Amino acid sequence: KMGREEAHLLRETFGIGAEDITIHMLDTDLMDDDLAADHGWKLGLHSNATVVVGPDGIIGFEAGDTASECYGVAMDIGTNTVVASLVDLGDGREMGVASSINPQVIHGDDVISRIRFAKTPGGLEKLRHEINHLMNGLIHELTRDLKIEPRRVYVCSLAGNTAMQHIVVGVSPVDLGRAPYRATLMSAVEALASRSGVDAHHDCRLLMPPSLGGFVGGDITALIISQALHRKRVPTLAVDLGTNGEIVLAANGRLLVCSTAAGPAFEGERISCGVRAIGGAIEDVRIAGKRISHTTIGKKQPVGICGSGLVAAVGELRRVRVIEPSGRIKTPEQLSEKWLAGRIVHGDRGREFILVDDPLIKLTQGDIREVQLGKAAICAGIKVLLAAADLGLEDLRTILIAGSFGSSVRPASIKALGILPPGFGGKIKVIGNSAIEGAKIFLTSAEARAEAREVARLVEHVELFTRSEFKDEFYTSMGFPDP
């Protein structure tokens, strides 16, 4: 139904003469001839015209009935991996998923390295170009495979850590690299996607959730929304086991968040035979009956070991006491199980354990140290966050594990490593990539986007670097628990 204000808006928006505009309507009774005459527009019946309406108003008009060709793309912009999901906006169905390594890894595999590179001449522009080029590549891959035109993508939602969200929209993240580690961009973003180089409909909208802290980004806002943590009353903890190691505690109407530098080991980085979660990556390891078995992603020939496989392998080696509580790999002479002792070899930097003979895939002493550093940071962060809420681990009923682990990591492996402080007797639930799930919700729900802004207003950000007890907890959490 069109009134004079709407008619004027259309003319101003498209900037063309009134004589060039024909209003095609299913029923001309909706607009009278006098109004059309006032503007010099022609009225006509047309049963195949579509008005496209976005989050903040009219996006455009299209000839024909294109109502069934309405899509959005949700993305998880990770430090090391970017995942994209094509969603049918008509019914919310996921049509396809694509992922790729973030090309920015050539500048370093952690957030701090990106921030440092952004300080160099032309660094921010280069980082932005790299991520925008990848985003467009994923959009084209998804639309090509499904024979969809990219111009049918009307909304794009992105969720990433704070630094990545800065880079995508061309805002410098350098303030994140120095105390007090404050972000320039904290609010939600709703803008034209073309301004960030997104190749979709010319008026495609770009949506980004608000960040919650210097190193607690929109991906954690997406986690909170996807799991409805802001509505929880029973104490619930969520841990994103990635490079940044973000932790969320929901309890008694409060939301507390923190981040801790877990390092990239949980994503398969800085590991001698580590790979990302790609086809052929070992995602689980079992030791039983004088045999080491493994499963790979896609059931392909093993090419390396990803984060979930690493956690499983170290947990199993600790369970059979190949690894000491300190993290040290035992000498062959210290093992009574000769078949296990035969898999311990001496490498360039200490002892190594052979997991797979052909192709050779092994764990080194350095790999185990990387796992220890990551798990100690997470464990210490959990302890400090619980203390800030005056809660103990025994008060928790559920711990959610998110991140690149997908659904393959076993709770037993998490406990075996001591990622969680000892004493938790509740349920561990692996929820996979919560960032992409939240981003998909933002595509289709204005209510969820409003809730995300409210979450950002109410959340309590706990700065671990200002708390002396964090360092003490970190060192006491380095060791592995008894099997």
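By convention here, the first residue in the shown sequence is residue 1. Just so we're clear, the structure is a prediction, and the values are computed from it rather than from any experiment.
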Worksheet entry | Short side-chain to backbone donor-acceptor contact, S259 and N244, under 3.5 Å | no

Fill in: Minimum side-chain heavy-atom gap E246-V257 below 4.5 Å
no

Worksheet item: Under 3.5 Å, is there a donor-acceptor pair linking the side chains of S85 and E94?
Response: yes

Item to complete: Determine whether L146 and Y71 make a side-chain contact, defined as any pair of heavy atoms from C-beta on separated by less than 4.5 Å.
Response: no

Fill in: Flag side-chain contact, heavy atom, 4.5 Å: I224 against L212
yes

Discussion item. Donor-acceptor pair, distance only, cut-off 3.5 Å: does the side chain of S308 make one with the backbone of E283?
Written reply: yes

Worksheet item: Just by distance, do the side chain of R114 and the backbone of T79 share a donor-acceptor pair under 3.5 Å?
Response: yes

Worksheet entry | P483 backbone acceptor or donor facing R319 side chain under 3.5 Å | no

Discussion item. Is the ring pair F465/Y181 parallel, tilted or perpendicular, if the boundaries are 30 and 60 degrees?
Written reply: perpendicular

Item to complete: Under the salt bridge (charged side-chain N to carboxylate O under 4.0 Å, His left out) rule, collect the residues that match up with R349, sequence neighbours excluded.
Response: none

Fill in: Verdict with supporting geometry, R205 and E190, salt bridge (Lys or Arg N to Asp or Glu O under 4.0 Å)
CA-CA 7 Å; R205 285 352 188 216; E190 295 190 10; over 6 Å; no

Worksheet item: Any ion pair linking E267 and R276 (charged N to carboxylate O, less than 4.0 Å)?
Response: no

Worksheet item: Mind checking what makes salt bridge (charged side-chain N to carboxylate O under 4.0 Å, His left out) contact with K330, not counting sequence neighbours?
Response: none

Discussion item. Within a 6.0 Å radius of atom NZ on K427, are there more than 12 heavy atoms belonging to other residues, nucleotides or ligands?
Written reply: no

Worksheet entry | Close side-chain approach of V285 and I282, heavy atoms under 4.5 Å | yes

Worksheet entry | With E337 via salt bridge (charged side-chain N to carboxylate O under 4.0 Å, His left out) - residues at least two apart | none

Worksheet item: Using 30° and 60° as the class limits, which term best fits the ring planes of H133 and H129: parallel, tilted or perpendicular?
Response: parallel

Worksheet item: Quick check: does any side chain N or O of R343 sit under 3.5 Å from a backbone N or O of I354, one acting as donor and the other as acceptor?
Response: yes

Worksheet item: Any sub-3.5 Å donor-acceptor pair from D367's side-chain atoms to I271's backbone N or O?
Response: no

Worksheet entry | N-O pairing of R318 and E324 below 4.0 Å | no

Practice prompt. Show your working on side-chain hydrogen bond (donor to acceptor under 3.5 Å, both in side chains) between S434 and E437 and close with a plain yes or no.
Written response: CA-CA 5 Å; S434 58; E437 292 303 317; over 6 Å; no

Discussion item. Salt bridge (Lys or Arg N to Asp or Glu O under 4.0 Å) for K375 and E370? Distances and angles first, verdict last.
Written reply: CA-CA 9 Å; K375 78 100 177 177; E370 288 290 336; over 6 Å; no

Discussion item. Looking at Q165 and G160, would you say the former's side chain and the latter's main chain have a donor-acceptor pair under 3.5 Å?
Written reply: yes

Worksheet item: Are the charged groups of E454 and R457 less than 4.0 angstrom apart, N to O?
Response: yes

Discussion item. Please check: side-chain N/O of R467 versus main-chain N/O of V384, any donor-acceptor pairing under 3.5 Å?
Written reply: no

Discussion item. Testing the basics here: between A389 and L249, what is the closest heavy-atom pair and its distance to 0.1 Å?
Written reply: CB-CD2, 3.5 Å

Worksheet item: More than 12 foreign heavy atoms under 6.0 Å from NZ of K362: is that the case here?
Response: no

Item to complete: May I ask you to test the R286-I292 pair for a side-chain heavy-atom distance under 4.5 Å?
Response: no

Worksheet entry | With sequence neighbours excluded, residues passing salt bridge (charged side-chain N to carboxylate O under 4.0 Å, His left out) with E394 | none

Discussion item. Less than 4.5 Å apart, side chain to side chain, heavy atoms only: is that true for F424 and L396?
Written reply: yes

Item to complete: Would you mind reporting whether R328 and R351 have side-chain heavy atoms less than 4.5 Å apart?
Response: yes

Response to the item:
With sequence neighbours left out, the residues meeting side-chain contact (heavy atoms from CB on, under 4.5 Å) with S113 are D110

Worksheet entry | Results of ring-ring contact (aromatic ring centres under 6.0 Å, His included) for H294 - residues two or more places apart only | none

Discussion item. Using a strict threshold of under 4.0 Å (side-chain N to carboxylate O), is an ion pair present between D88 and R93?
Written reply: yes

Worksheet item: So, do H230 and L255 sit near enough that their side-chain heavy atoms are less than 4.5 Å apart?
Response: yes

Worksheet item: Is a side-chain N or O of N102 found less than 3.5 angstrom from the main chain of V105, in a donor-acceptor match?
Response: no

